[in-house]
There are 2 protein chains.
Amino acid sequence: MNSKDAVTCLAALAHDQRLAIFRLLVREGPSGLPAGEIAEAIGATPTGASFHLKELDRAGLIHATRVGRYIRYAAHFDKIRQMLTFLTEDCCQGQPELCGSTIKKARKLCKGETK
Amino acid sequence: MNSKDAVTCLAALAHDQRLAIFRLLVREGPSGLPAGEIAEAIGATPTGASFHLKELDRAGLIHATRVGRYIRYAAHFDKIRQMLTFLTEDCCQGQPELCGSTIKKARKLCKGETK
DNA sequence: ATAATAGTACAACAACTATTGAAATATGCA
DNA sequence: TGCATATTTCAATAGTTGTTGTACTATTAT
C-alpha cells in the first residue's frame with residue numbers, strides 16, 4: 001500500500017453512509033450482502049447506495065459479485081488490513097511502550113488473537 | 001467514538017500531505033515535532049502545513065503545545081486507537097476465523113504485543 | 001416476448017475543500 | 001524598544017464531491 005492508495009481508502013470511508021456500509025460489511029463477514037439489503041439497512045436510496053458502493057469498490061475496500069439478479073458486496077479484508085497497517089507503521093520508532101496503553105488496545109479488534 | 005467523529009478523523013487523514021504528517025507523528029511518538037520541522041519534512045509551505053495541522057487537530061488525531069516560540073504537534077494515540085477500533089468493531093460477527101488470515105495480521109502494528 | 005425486479009449510469013446543481021499570497025500575531029533576543 | 005523567527009489567519013479562487021431524479025441494463029419468471 002502506498003500513500004495515494006491509502007488516501008483513496010480513507011476518502012472512501014470519510015462519509016457517513018459509506019462508513020455505515022463498510023462497518024455493516026465488516027460485521028457481516030466474507031459472504032457479504034446484496035446491494036438492496038445494504039441500501040435498506042443504512043436508509044439510502046438505490047441510486048445513492050450504488051454510488052457509495054462504487055466508491056468503496058473503487059478504493060478496493062469491498063468487492064462486488066453478481067449472483068443471479070443480485071449483486072453481493074463483501075468487505076475485502078486483506079485490503080483493510082493493509083490500510084490499518086499503513087496508518088500505524090513504525091509507531092513510536094519501534095518502541096511501543098511509548099504509546100503502549102493506547103495502540104496495543106486497538107489490536108483487540110477481533111478476538112481470537114493467540115500470540 | 002461515534003460515526004460523525006470517525007468521519008471527521010477519516011476525512012482529516014484522506015489527504016496526501018495530512019496523511020504524511022500523521023504518519024510522521026505516529027513514527028515520532030509522544031514528544032512530537034514543531035510545525036516548521038513538520039512542514040519541511042513533508043515539503044509543505046508554512047501556510048499549507050498550518051492548515052493541515054489544524055485539520056488533524058480539529059479531528060483530535062494530533063494536539064498542539066506551544067513551547068517557546070515553537071508549536072509542537074504530537075499524535076493523540078488514544079484517539080487513533082478509538083478510530084481503528086471503530087472501523088473493525090464486531091468484525092465477522094465475532095467469528096474472526098472468517099477473516100483470520102487478514103485482520104489478525106493488522107494487530108502486529110506495533111511490536112511488543114505480549115498477550 | 002413481456003413484465004417485474006435488482007441495480008447502475010448520467011447530468012445538473014449545490015456544497016464543500018484545497019491552494020495561494022499577503023497580512024497579522026506571538027515569542028525571544030539584542 | 002525594535003527586529004527576527006515561528007506560526008496562524010484571512011480572502012479569493014479553483015477544484016472536487018455529494019445529491020437528486022430520470023433513464024438505462026441485466027436477470028428472472030410467466
Side-chain angles (χ1 to χ4, degrees), chain A residues 3-25 28 31-76, chain B residues 3-25 28 31-76:
Chain A
S3 176
K4 190 166 164 246
D5 211 5
V7 166
T8 304
C9 286
L10 291 162
L13 291 172
H15 181 283
D16 193 54
Q17 290 192 128
R18 286 199 295 267
L19 182 56
I21 291 172
F22 174 83
R23 300 217 311 147
L24 176 64
L25 293 179
E28 196 60 29
S31 56
L33 290 171
E37 214 167 306
I38 295 169
E40 196 188 12
I42 66 158
T45 60
T47 299
S50 179
F51 173 77
H52 294 309
L53 286 164
K54 194 182 60 188
E55 279 311 281
L56 289 165
D57 188 313
R58 205 167 54 82
L61 291 166
I62 66 176
H63 54 91
T65 322
R66 185 176 276 277
V67 180
R69 71 178 122 175
Y70 300 88
I71 296 178
R72 290 190 86 88
Y73 285 91
H76 187 180
Chain B
S3 175
K4 189 166 166 248
D5 211 7
V7 166
T8 304
C9 287
L10 292 161
L13 293 171
H15 180 283
D16 193 54
Q17 289 191 130
R18 286 199 296 267
L19 183 56
I21 291 172
F22 174 84
R23 301 216 312 147
L24 176 63
L25 293 179
E28 197 59 30
S31 57
L33 290 171
E37 213 166 306
I38 295 168
E40 196 189 11
I42 67 158
T45 61
T47 299
S50 178
F51 173 77
H52 294 310
L53 286 164
K54 196 182 59 188
E55 278 314 278
L56 288 165
D57 188 312
R58 205 167 53 82
L61 290 167
I62 67 176
H63 54 90
T65 321
R66 184 177 277 277
V67 179
R69 72 179 122 171
Y70 300 87
I71 295 178
R72 289 191 86 88
Y73 285 91
H76 186 181

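Order of the sequence lines sets the chain letters (A, B, ...), proteins ahead of strands, with each chain counted from 1.
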Side-chain N or O of A:His52 closer than 4.0 Å to phosphate OP1/OP2 of D:dT17:
no
Nearest-nucleotide 5' precedence on DNA chain D, A:Gly68 against A:Gln17:
A:Gln17
Tell me the interatomic distance from B:Lys54, atom NZ, to D:dA6, atom C1', rounded to whole angstroms.
17 Å
Is a donor-acceptor contact shorter than 3.5 angstrom present between the side chain of B:Thr45 and the base of C:dT19?
no
Looking at B:Ala12, is its backbone amide N or carbonyl O close enough to the side chain of B:Arg18 to form a donor-acceptor pair, meaning the two atoms are under 3.5 Å apart?
yes
What integer distance in Å separates B:Phe51:CZ from C:dA23:C1'?
18 Å
Could a donor-acceptor pair under 3.5 angstrom be found where the side chain of B:Thr47 meets the base of C:dA22?
yes
Please determine if a side-chain N or O atom of A:Arg69 lies less than 4.0 Å away from the OP1 or OP2 oxygen of D:dT25.
no
Provide, to the nearest angstrom, the distance between the OH atom belonging to A:Tyr70 and the C1' atom belonging to D:dT25.
17 Å
Under 4.0 Å between a side-chain N or O of B:Arg18 and OP1 or OP2 of C:dA18?
yes
In whole angstrom, give the distance that lies between atom CG of A:Leu56 and atom P of C:dT8.
12 Å
Are B:Tyr73 and D:dA6 close enough that a side-chain N or O sits under 4.0 Å from OP1 or OP2?
no
Kindly say if A:His15 contacts the phosphate of C:dA15, meaning a side-chain N or O under 4.0 Å from OP1 or OP2.
no
